[in-house]
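Throughout, a chain's letter reflects where its sequence line sits, starting with A, and its residues are numbered from 1.
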Amino acid sequence: MPSTQPARGMRDFLPADLRRRAFVIDVIARVYQRYGFEPLETPAVENIETLLGKYGEEGNQLIFKILKRGEHAASGQADLALRYDLTVPLARVVAEHRATLPKFFKRYQIQPVWRADRPARGRFREFYQCDVDAIGSTSLMVEAELCAAASEALTTLGFADFSIRLNHRAVLDGMLSAAGVVAGQHGDALVALDKLDKIGRDGVLKEFEARGLAPDSGERLLDLLARIAEAQASSLADPNGAALHLLAEFVGTHEAGLRGLAELRDLLALAPATAAAAHLRIDPSLARGLSYYTGAIVEIAVPDLAGSLGGGGRYDGLVGMFLEKGAQIPACGFSLGLERIIVVMTERGMFPASLAGSSADVMVTVWNADARAASLALAHDLRAAGLRVDVYPEADKLGKQMKYAASRDIPVAAILGDDEVATGMVAVKDLRSGAQVTVPRADVAAHVRGVVALPA
RNA sequence: GUGGGUGUAGCUCAAGGGCAGAGCGCCGGACUGUGGCUCCGGAAGUUGCGGGUUCGAAUCCCGUCAUCCACCCCA
C-alpha cells in the first residue's frame, strides 16, 4: 500500500487551513489592488533555460527539474522545471508581451513556487509567494510605493512590530571596495557579512579567513557596521540619517556607492508620506542571496522569526536577459512569504475568531426515506434565502443527526418530521443554547437568520 | 548538505527482552422524535518498512523511509 502522506515538503490543505490561507491572500490581494497592481498568473512549469543562471549558484541547485519524456527519459536530462520564484517568470512575460503591456506595468501574483530544499520549520518545497512588481521605471517612487504596499498589507493583517531592513547593492559595492575587497570577491564577502547577526563578529572574521579574504578588510567592515549600529542607537530621532552619514564617510568617492547612497536618501525622503514611514531602517549588513538585484534591496523582519517575512529589491538587468542584446527594462519588486506570515499569525493568535466558524448556518435533518424530498425542498428554499445549508444525507436516527450537526459546529438544526410535515411547520433548534421553537415553514429562513445573527 | 530526537489503535501517549495497554474519538445500547452529562457493551494494531541477534524483539543491532529540532541556506 502506498504511503498516504504527501510527498516530502508538500502539504495538503484541509478546510480549516484553507480558510486561514484564503483570508491572508484576500487581505494581501485587496491591498495590492488598492495600489493599482493588476493580477497575473504564469505556468507552474517553465523551460529550464528560462530559470537557469538567474538565481546564483545556490539557486540553480534548488530548482526542481523535470526529466525529458519519451525516448529521452533515460538520459536524466531535464528540459523543463517548476518555477523557483515569481520574478523570473514575470521578466519572461514582460519581455514576451512588451509591445502590448502598458509603459509602466504593475502586477501582483499570488501563486506557489517550488524549491528542492530540505523542509524545515516554516519552510516547504512548495510554498506561496505574494509578489508585487512595477516594471518600466527607474524612479525611487516605485520603491517607495512597493514598501508602502507591503507595509499596508502587513499592518492590515495585524502586524505592528515589523521593520523593513533597507540597503543598496551599489552601496555594498562601495563599502567593499573602500574596505579593500577586490571586485571578484564581493560575493564571498557579502555572504559572510550577511551572517553577522547569527554568528557574531568573530564568526564573520572566521568566514572571511575561510573564503580567502583579507582579514583587515573584514575588520574595517565590521568596525563600520558596529559604528553604524551604535550611531543608530544613539540618534533615535534620525537613525537612518546617522547611518547614511557614516556610510558616506566610509565610501568616499566611490562612484556607484555615492549613487546608491543618493538613492537611499531619495527613498527615505519619499517614505514619510507612505504607509512604510515608521518601518524603514537602513541596515548596511543586509545583502540578500539572489544574484539579480541591482539597486535598493529590502527585507522584512519581525522579532520572533529567524527568517524574513518577505523581501525584494530592484533588478534592472533581469528583463534584459530575455531581450535582444543590450536592451533593458528596469524593474523593482517585493515578495511576501505567505507561509511565514501564517506561521507567525498562528503562533500569535492573530486570526479572527470568525475564521474558525462552521461550514453551514443550518443543517436540515431527514426523517425517513419518504421525507427525503421534503428535506431537500426545505434546504433549497433556505439556500434561496441566502443561508448556507447542509442536508444530512441519510435517514439516520435523529440523535445521530443532531450529534453530527453539533460535531460540525453547525449552530442550527431544522427538523422536519412527520408531525411538522403534516402541520406545515418546521422545528428549529439552536444547538448552542438548546432552545427549540416550531415555526411555519415560510418563516424558517427568517428565524434561522435571527438565531445565527445574520442580517435579514 | 551536517548533527541530534521521535515513529506503538483514528488522535495523544504508556509498556525498555517474557500474553500490546490507557485516555480521547468511533460504533452499539440504556433513551424506537433530539447533540452536550452519566452508565454499560463493542470494534479496532504485521508496534513505519526491511534485515540481523535471541528459545523469545515494540524493546537490542544494522539499513531504510517518514517526521521534528538545531545548523547551512532561504520566503
If every non-hydrogen atom of [X] is compared with every non-hydrogen atom of [Y], which pair is closest and at what distance?
X       : Y       : answer
L221(A) : M175(A) : CD2-O, 3.8 Å
L270(A) : A144(A) : CB-CB, 4.0 Å
S137(A) : P330(A) : N-CG, 3.7 Å

Nearest-nucleotide pick for [X], side chain only, options being [options]:
X       : options                : result
D419(A) : G33(B), A75(B), U34(B) : G33(B)
A427(A) : C74(B), G35(B), G33(B) : G33(B)
K400(A) : G33(B), C27(B), A75(B) : C27(B)
R115(A) : G33(B), G29(B), C74(B) : C74(B)

[atom1]-based separation of [M] from [N] [nearest Å]:
N      : M      : atom1 : result
A57(B) : G52(B) : C1'   : 11 Å
A20(B) : U59(B) : C1'   : 12 Å
C62(B) : G28(B) : P     : 48 Å
A15(B) : G21(B) : C1'   : 7 Å
A58(B) : G48(B) : P     : 10 Å
C13(B) : G42(B) : C1'   : 23 Å
G25(B) : A66(B) : P     : 34 Å
G5(B)  : G50(B) : P     : 24 Å

Distance alone, cut at 3.5 Å: any donor-acceptor contact between the side chains of [X] and [Y]?
X       : Y       : value
S163(A) : R281(A) : yes
E46(A)  : Y84(A)  : no
T42(A)  : Q109(A) : yes
S359(A) : R408(A) : yes

For a quick test of your reading: what N or O donor-acceptor pairs under 3.5 Å do the side chains of residues 15-27 of chain A make, sequence neighbours left out?
{"residue": "D17(A)", "atom": "OD2", "partner": "L14(A)", "partner atom": "N", "Å": "3.1"}
{"residue": "R19(A)", "atom": "NE", "partner": "L355(A)", "partner atom": "O", "Å": "3.1"}
{"residue": "R21(A)", "atom": "NH1", "partner": "E339(A)", "partner atom": "OE1", "Å": "2.8"}
{"residue": "R21(A)", "atom": "NH2", "partner": "E339(A)", "partner atom": "OE1", "Å": "3.4"}
{"residue": "R21(A)", "atom": "NH2", "partner": "E339(A)", "partner atom": "OE2", "Å": "3.1"}
{"residue": "D26(A)", "atom": "OD1", "partner": "R30(A)", "partner atom": "NE", "Å": "3.4"}
{"residue": "D26(A)", "atom": "OD2", "partner": "R30(A)", "partner atom": "NE", "Å": "2.8"}

Mind checking [X] for me? I need base, sugar-phosphate or nothing, with any heavy atom below 4.0 Å counting as a touch.
X       : result
E420(A) : base
Q436(A) : base
D85(A)  : nothing
L62(A)  : nothing

Whole Å only: how far is the [atom1] atom of [X] from the [atom2] atom of [N]?
X       : N      : atom1 : atom2 : answer
R408(A) : G25(B) : CZ    : C1'   : 16 Å
W367(A) : U34(B) : CH2   : C1'   : 9 Å
L14(A)  : G10(B) : CG    : P     : 17 Å
Y404(A) : C27(B) : OH    : P     : 12 Å
F159(A) : A75(B) : CZ    : C1'   : 13 Å
K54(A)  : C74(B) : NZ    : C1'   : 20 Å
Y293(A) : C74(B) : OH    : C1'   : 11 Å
R165(A) : A75(B) : CZ    : C1'   : 14 Å

Enumerate, atom names and distances included, each donor-acceptor pair closer than 3.5 Å involving a side-chain atom of residues 372-381 of chain A, sequence neighbours excluded.
{"residue": "R372(A)", "atom": "NE", "partner": "A369(A)", "partner atom": "O", "Å": "2.9"}
{"residue": "S375(A)", "atom": "OG", "partner": "T365(A)", "partner atom": "O", "Å": "2.7"}
{"residue": "D381(A)", "atom": "OD2", "partner": "R441(A)", "partner atom": "NH2", "Å": "2.2"}

Given D418(A) and E420(A), is the side chain to side chain contact (heavy atoms under 4.5 Å, CB included) satisfied, shown in steps? CA-CA 6 Å; D418(A) 279 345; E420(A) 286 80 10; over 6 Å; no

Go through I28(A) and I341(A) one step at a time and tell me if the side chain to side chain contact (heavy atoms under 4.5 Å, CB included) criterion holds. CA-CA 11 Å; I28(A) 292 172; I341(A) 288 172; 4.2 Å; yes

Nucleotide pairing, RNA chain B (Watson-Crick or G-U, distances under 3.5 Å), in dot-bracket with [ ] and |: (((((((..((((....[..)))).(((((.......))))).....(((((..]....))))))))))))....

Distances for protein N or O near nucleotides 1-7 of chain B N or O, under 3.5 Å:
{"residue": "U2(B)", "atom": "O4", "partner": "R118(A)", "partner atom": "NH1", "Å": "2.8"}

Would you say K403(A)'s side chain and Q401(A)'s backbone share a donor-acceptor pair under 3.5 angstrom? no

Without swapping roles, check the side chain of D361(A) against the backbone of V412(A) for a donor-acceptor pair under 3.5 Å. no

On RNA chain B, nearest-nucleotide positions of S407(A) versus M402(A): which is more 5'? S407(A)

Note: for M10(A) and G399(A) on RNA chain B, the residue whose nearest nucleotide lies more 5' is G399(A)

Would K106(A) and E145(A) satisfy salt bridge (Lys or Arg N to Asp or Glu O under 4.0 Å), going step by step from the backbone distance to the final call? CA-CA 11 Å; K106(A) 296 171 66 175; E145(A) 267 215 306; 3.1 Å; yes

What about R340(A), does its side chain sit under 3.5 Å from the base of C74(B) through a donor-acceptor pair? yes

Using atom names, set out every protein N or O paired with an N or O of nucleotides 36-41 of chain B below 3.5 Å, distance rounded to 0.1 Å.
{"residue": "G36(B)", "atom": "N2", "partner": "R432(A)", "partner atom": "O", "Å": "3.3"}

Strictly below 4.0 Å, heavy-atom distances to any atom of RNA chain B: list the hits from residues 40-51 of chain A, or just say none. none

How would you label the glycosidic angle of G16(B): syn (within 90° of 0) or anti? syn

Determine, answering yes or no, if F127(A) is stacked on A75(B) under the 5.5 Å centre rule and the 30° plane rule. yes

Hey, is R314(A) close enough to E263(A) for a salt bridge, meaning N to O under 4.0 Å? no

Hey, mind stepping through R107(A) and D133(A) against salt bridge (Lys or Arg N to Asp or Glu O under 4.0 Å) and telling me if it holds? CA-CA 6 Å; R107(A) 83 88 175 78; D133(A) 293 80; 2.7 Å; yes

Check F334(A), Y55(A), Y292(A) against Y315(A) for a ring pair (Phe, Tyr, Trp, His ring centres under 6.0 Å) and give me the one that passes. Y292(A)

